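In what follows, every chain begins at residue 1, and chains take the letters A, B, ... in the order their sequences are listed. Scope of the values below: all heavy atoms of this structure, side chains included, with no hydrogens, waters or symmetry mates. These numbers come from a predicted model, not from an experiment.
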2 protein chains.
Amino acid sequence: MPYTKICINLNPFSFDFNLLKPHIALLSEWGFYFMAKKRVSIKDIAKALGVSITTVSFIINGKAREQRISDEVTQKVKKYIKEVGYKPSHIAQSLRLGKSKIIVFMAEDISNQFFASIARFIEERAYKSGYKIIYCSTDNNFEKAKELISTFKRRNVDGFIITPTPNIEESIHDLIEEEFPVVLFDRWLPEVNCSYVIVENKESAYEATQHLIEEGCKNLAFVTVESDQTQMMDRSSGFTEAVKESDVNAFEFRLKFHNLSEVGPYEELLDFFKSKKEIDGVFFATNYLAFEGLQALDTLQRSIPHDVKVVSFDDHYFFNLYKPKITAIEQPLELLSEKLMETMLSHLDELNLGYSPVRLVLPNKLNKRESTEN
Amino acid sequence: MPYTKICINLNPFSFDFNLLKPHIALLSEWGFYFMAKKRVSIKDIAKALGVSITTVSFIINGKAREQRISDEVTQKVKKYIKEVGYKPSHIAQSLRLGKSKIIVFMAEDISNQFFASIARFIEERAYKSGYKIIYCSTDNNFEKAKELISTFKRRNVDGFIITPTPNIEESIHDLIEEEFPVVLFDRWLPEVNCSYVIVENKESAYEATQHLIEEGCKNLAFVTVESDQTQMMDRSSGFTEAVKESDVNAFEFRLKFHNLSEVGPYEELLDFFKSKKEIDGVFFATNYLAFEGLQALDTLQRSIPHDVKVVSFDDHYFFNLYKPKITAIEQPLELLSEKLMETMLSHLDELNLGYSPVRLVLPNKLNKRESTEN
DNA sequence: CAAGTATGCTAAAAGGTTTTATCTAAAATT
DNA sequence: AATTTTAGATAAAACCTTTTAGCATACTTG
C-alpha cells in the first residue's frame, strides 16, 4: 500500500473538503495523485483525539482498566477506532515484540498429496492460534534447504516445521541453538536433539510384509528409492525383519535418484519385474513408487492380486478407486498435523524455558483391500 | 529469537572471555541464562567499526560508490559483515519500506491437487524474485475469505493471488481501491475490474462435448455442482452449446453443495445414473466429480467406454492410470502459474502507475484416451 | 498536617532499517 | 585570495508499535 511522500494529514472532524479541492486539482495537473485514504496509525488516533499514544495503545491492548484509563477516554478511543477502522500494523508489532507470528512449513514438495494434506491441516490449526504459514519446498535438496532456513531467519519467523533433507543436521542444530522452535516430521535426525513427529515406519512395514506373507506370497520384492533417511531405512528394516522370520525369498530394489530428464521409474520397474518373474508380492515404500509399479505390472499383464499381491506405504484416495483396490498403509494425517502444531505451539509458549524436545511416533493403519475383490 | 533484557554488548575484538566467566557463573546461579549470540544489527556494526549507521547501510545496499564512501571503509565494513554473518532484519526493512515481500495465495483448498500444484509453481517463481508465499484456504466460504483478506492487510502483504469465493466482490474491490495488487485465478468476477488468469472453460467444454458426440453418444449428461461462479457457468454453457448444435439429448445434473456430514456425491450420482439408464456419455465438470462418478458407474456395471463414454474437466495423473484411461481436459498448470506470477510481479513493479488490469485466458488441452483401449 | 497512596494519564526509549539533509575539510575554480 | 565544488562521511527522522518509568493531582491515613 504505497502513498506519496507529500502527505496532507487531515483531521476528519475539522476539515472542509472544499478548501482543498483547487489544490488537489492543481496537484493532479502536475502529475501527482491524491490518496483519499492513508492508513491510519495509532499516532493519528492520538492526535485526532488529543490523547497520548500510550493511552491509545493501552486501550487497544485491553489494558485500559489495569492502567487506570478512565472509562470516558476508553469509550471515546474505542469509538473512534471503530469509526476509522483502525487495525494495528503487524509489521510494527513484529519489530517491537520480536515475534512475527509466522511459522514456516518446509516440505519436501508441497504439491505432493501427502505434504499438501498436512499443509491444509496445519494451516487450520495455526490460523486458529493467530499464526500464519509460509511454505516452501526443499526438493530434498540440502543446499536449497539451507538457503531457505537462512532467509527465514532474517524474516524472524517464529518457528520451523521441517522435513529434513540429507546432511541438514548442522543447520538444524544451529537453529535450535539460536532458540528457534523446530519440529521435524516424516523423518528425523538421529544426531540432532530436536523435536519430531513421525509414524511407525518399521512397525507398519513389518505388519504389511507379514500380511503379504500370510496371503501366501513366497517371493517378495521391496521397492524403494536410494536414500538413507530414517523413514526409508525403517521401512526397509521392517520388511527385512518380517522376511527373516519366515522362509520366503526377498528382493530389494532401489531405484536410482531421478532427474526428470533421465529414464523414469516406470521403465526401471518394468525391467525389474521382467527380470524377476517369480515375484508374487511387492511392497512399495511410497505411493509414488506404487503408482509407477502398478503401471509396470499392468503392462506385464501380471494380474493383481492373483499373480502378484501389492502393498504400498502411504495410502491414497486412488488405491480405493483403482481396480483392484490396493492395500496400503495409511498414515494418520490429521493426527500427525495436530501433533505437529501442538508441539510447535507448546515450544512457542515455552520459549526461554530451555529446550526439551518432544518425540512422537504415531501408529499407522493397514488398509487391507485385496480381499474386497469387487 | 528471544534474548534477556540484561544484555552485555561485547566488542568481539577487544574482549577477554575469561574476564566474564565468573560473572556468568554468578548470573547462572541467579537463574539468568547467557546468550552467547545476540543477533547483530547494523548499529552494532557501526559501533564496532567506529563508523556511522548510515555508512554501513549504504555499503550494504550497494550504494557505497554512489554515496562516495571510500574503498577503504567499504572493504572494512564488508569484511566485518562477512565475519559476523550479519543479515539485515527483514521486519525492520518491511516497516521502513512499507513492503513485506510477501504474497498471499488464497486457494479454495490448498490440499486439492490442482491448487497444490499451482502453489508449487508459484512458490518457485516467487522465491526467485525474493518473495515468499503465505497460503490459506477459503473453502469457497465468503466469510472466511473476507476475514483472511482483512488479517492479511494488517500484515502488509504486498499482493494477493485469489480464487474468489461467491459474494467476495466488495472485498476485492476495496483491495484494489487501496492499491493492493490482486490477481484472480480459476474464476473471475465480472463486476470487479481486476486482473485474472483463467482457462478457456467454455471452449474446452464445447470441444469435449463435441468429442463425446463424435464418439457416437446420443444421451449426454453434464454433471456439475450448484454454483454460479464463472468457471462452472462457462463449462456449462460450452456443454449446452455443443449439444444444441447436434441432435442429442442432454441432462444436466447439479449436485447439491455438500457438507461432509451429508450424504456423499457418490450416492447422489448412483441415484442419478440409475434413474437415467439411457445415458451413454458423461461430462464431469471437475475431476473430483469424475472420481465419484466413476465409482458409481463401476458399481452399476456400466462399462467404459463401451456403455458410457466419459470426459472430465481438469486432468489428473490418475486418469491415465485408471483402467480404462479416462479422457480429460488438461489445464496448463505451469503456464497458468507462470502467468499468474508474471502478472503479479508486473503489478508490484508498476505500483503508483495506476491500475490497468491484465486479463488472460489460457487454452487447455483435451487428452483423448478412450481410443487407447489397452 | 505531613506522609503515603490511589488515580489518570503521558514522555520517551526501543526495535532495525532507509534516506534526506547537512557537515567538514580539501581540492578546484574563479 | 575568495569562492565554489567535491569527497567522505554522518545526524536524525521516519516507519508503527509496546512498555517502563514517572508526573501531577486528589484522596487517605496516622
Hey, what are the protein-to-nucleotides 4-12 of chain C N/O distances that come in under 3.5 Å?
from   : atom 1 : to      : atom 2 : distance (Å)
C:dG8  : N7     : A:Arg68 : NE     : 3.4
C:dG8  : N7     : A:Arg68 : NH2    : 3.4
C:dC9  : OP1    : A:Ser70 : OG     : 3.2
C:dC9  : OP2    : A:Ser70 : N      : 2.3
C:dC9  : OP2    : A:Ser70 : OG     : 3.0
C:dT10 : OP2    : A:Ser52 : N      : 3.1
C:dT10 : OP2    : A:Ser52 : OG     : 3.1
C:dT10 : OP2    : A:Thr55 : OG1    : 2.4
C:dA11 : N7     : A:Thr54 : OG1    : 3.1
C:dA11 : N6     : A:Thr54 : OG1    : 2.9
C:dA12 : N6     : A:Thr54 : OG1    : 3.3

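- The closest donor-acceptor contact from the side chain of B:Ser94 to the backbone of B:His90 lies under 3.5 Å.
- Using a 4.0 Å cut-off, some side-chain N or O of B:Tyr86 falls inside it from OP1 or OP2 of C:dT17.
- The terminal axes of the helix from C:dC1-D:dG30 to C:dT30-D:dA1, fitted over 5 pairs per end, subtend an angle of 60° to the nearest 10°.
- Rounded to a whole Å, the NZ atom of B:Lys153 is 16 Å from the P atom of D:dC16.
- The nearest whole Å value for the distance from the CD1 atom in B:Ile59 to the P atom in C:dT18 is 13 Å.
- If you measure from atom CD1 of A:Ile91 to atom P of D:dC16, you get 11 Å, rounded to the nearest angstrom.
- Remark: the backbone N or O of B:Met106 is not paired with any side-chain donor or acceptor of B:Ser137 at under 3.5 angstrom.
- Residues passing the side-chain hydrogen bond (donor to acceptor under 3.5 Å, both in side chains) test with B:Thr55 are B:Ser52, sequence neighbours excluded.
- Rounded to an integer number of Å, the gap from CD1 of B:Ile81 to C1' of C:dG16 is 14 Å.
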For nucleotides 24-28 of chain C, print each protein N/O atom paired with a nucleotide N/O atom at under 3.5 Å, atom names and distance only.
none

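- With sequence neighbours excluded, the residues that form a ring pair (Phe, Tyr, Trp, His ring centres under 6.0 Å) with A:Tyr135 are B:Tyr135.
- For A:Ala126, the side chain to side chain contact (heavy atoms under 4.5 Å, CB included) criterion is met by A:Tyr131, A:Ile133, A:Met341, not counting sequence neighbours.
- Residues in residues 56-71 of chain B take part in these salt bridge (charged side-chain N to carboxylate O under 4.0 Å, His left out) pairs, two or more places apart or across chains: B:Arg65-B:Asp71.
- Checked against side-chain hydrogen bond (donor to acceptor under 3.5 Å, both in side chains), B:Gln93 has no partners two or more places apart in sequence or in another chain.
- Residues meeting the side chain to side chain contact (heavy atoms under 4.5 Å, CB included) test with A:Ser337, sequence neighbours left out: A:Ile118, A:Phe121, A:Ile122.
- Regarding A:Leu97, its CG atom lies at a distance of 11 Å from the P atom of D:dT20, rounded to whole Å.
- In summary, B:Glu124 and B:Arg120 engage in a salt bridge, as defined by a charged side-chain N under 4.0 Å from a carboxylate O.
- Listed by chain and residue number, B:Asn193, B:Ser195, B:Tyr355, B:Arg359 satisfy the side chain to side chain contact (heavy atoms under 4.5 Å, CB included) test with B:Pro357 (two or more places apart in sequence, or in another chain).
- Scanning for side-chain hydrogen bond (donor to acceptor under 3.5 Å, both in side chains) contacts around A:Ser41 gives A:Asp44, with sequence neighbours left out.
- The phosphate of D:dA14 (OP1 or OP2) has no side-chain N or O of A:Lys43 nearer than 4.0 angstrom.
- Residue A:Asp44 contributes atom CG, which lies 9 Å from atom P of D:dC15 at whole-angstrom precision.
- Between the P atom of D:dT17 and the CZ atom of B:Arg96 lies a distance of 16 Å, rounded to the nearest Å.
- Note on A:Leu95: a base of the nucleic acid sits closer than 4.0 angstrom, heavy atoms only.
- Residue-level contact check: B:Ser89 touches the backbone only, with heavy atoms under 4.0 Å from sugar-phosphate atoms and none from bases.
- In this structure A:Leu95 satisfies the side chain to side chain contact (heavy atoms under 4.5 Å, CB included) test together with B:Ile91, B:Ala92, B:Leu95, sequence neighbours excluded.
- Side-chain N/O atoms of B:Lys63 include one lying less than 4.0 angstrom from OP1 or OP2 on C:dT19.
- Regarding A:Ile60, its CD1 atom lies at a distance of 12 Å from the P atom of D:dT19, rounded to whole Å.
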